[in-house]
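What follows is a short report on a single structure.
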Amino acid sequence: MGYGWDNEVRDRYIYLLAFAAKRQVYVGQSVDPIRRIKSHRRPSGGWADPFLPLVVHREQCTEAEIMDFEYAWRWNVHLHGWTPITLNGLPFDMGLLRPSAKERGGALPWPFII
C-alpha cells in the first residue's frame with residue numbers, strides 16, 4: 001500500500017529544529033509536534049547535533065494544505081540566511097518551491113534571535 005494524503009481537517013503544526021552552529025533549520029509538520037520533536041531527539045531520530053525546537057504555526061487543515069505552509073517556512077528560513085535541510089541533513093532543493101510558497105514565506109515572521 002502506497003502513501004496517501006491524510007484528508008482529515010484537524011489541527012496541524014509546523015515546527016522548526018534550528019542547528020545554530022551550522023545555521024541550518026529543519027522544517028517539519030505534525031499533528032503532534034511535541035511527540036515528533038521528542039522522536040527527533042532519540043538516537044534513532046537521526047540528529048546527533050543539538051538543536052533548538054520551536055513550534056511556529058498551527059492551522060486547521062488537511063495534510064496537503066499544511067505542506068504549503070511547510071514550504072513557505074523553508075523559504076522564510078532561506079530569506080534569513082539559514083539553510084533549510086532535509087531529514088537527511090542535506091540542503092533542501094529550493095527549486096521545488098512554488099511562487100506562492102515564496103510569497104507566503106516572505107510574509108512570515110522570523111522566530112529566532114540567534
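What's counted below: heavy atoms across the whole structure, side chains too, no hydrogens, waters or symmetry copies. Numbering of residues begins at 1 and proceeds along the displayed sequence. These numbers come from a predicted model, not from an experiment.
The hydrophobic clustering, which links ILVMFWY residues whose side-chain heavy atoms are closer than 4.5 Å, places Ile66 and Val9 apart. In terms of hydrophobic clustering, with Ile, Leu, Val, Met, Phe, Trp and Tyr side chains grouped at heavy-atom distances under 4.5 Å, Val31 and Met67 are assigned to different clusters. Tyr13 and Ile34 end up in different hydrophobic clusters when Ile, Leu, Val, Met, Phe, Trp and Tyr side chains are linked at under 4.5 Å.
Between Ser30 and Arg35, the shortest heavy-atom distance links the atoms OG-NH2, 4.1 Å. Contact between Pro91 and Thr86 at its shortest, heavy atoms only, is O-CG2, 4.2 Å. Contact record, Val27 with Val77: CG2-CG2, 4.1 Å, taken as the closest heavy-atom pair.
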(Q) Checking Arg36 against Ser39 for the side-chain hydrogen bond (donor to acceptor under 3.5 Å, both in side chains) test, could you report, in this order, the C-alpha distance in whole Å, the side-chain angles of both residues, the deciding distance, and whether it holds? (A) CA-CA 5 Å; Arg36 187 68 180 113; Ser39 74; 2.8 Å; yes
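Residue His57 holds its NE2 atom at 3.5 Å from CZ of Phe69, rounded to the nearest 0.5 Å.
Between Trp82 and Phe19 there is no side-chain heavy-atom pair separated by less than 4.5 Å. Proximity of Glu59 to Arg12: side-chain heavy atoms (C-beta onward) are nowhere separated by under 4.5 Å.
Looking only at distances, no side-chain donor or acceptor of Trp47 sits under 3.5 Å from a matching main-chain atom of Asp49. Looking only at distances, a side-chain donor or acceptor of Asn76 sits under 3.5 Å from a matching main-chain atom of Leu108. Between the side chain of Asn88 and the backbone N or O of Leu90, no donor-acceptor pair lies under 3.5 Å.
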Review item, side-chain donor-acceptor pairs of residues 95-107, under 3.5 Å, at least two apart:
from	atom 1	to	atom 2	distance (Å)
Arg98	NH2	Asp68	OD1	2.5

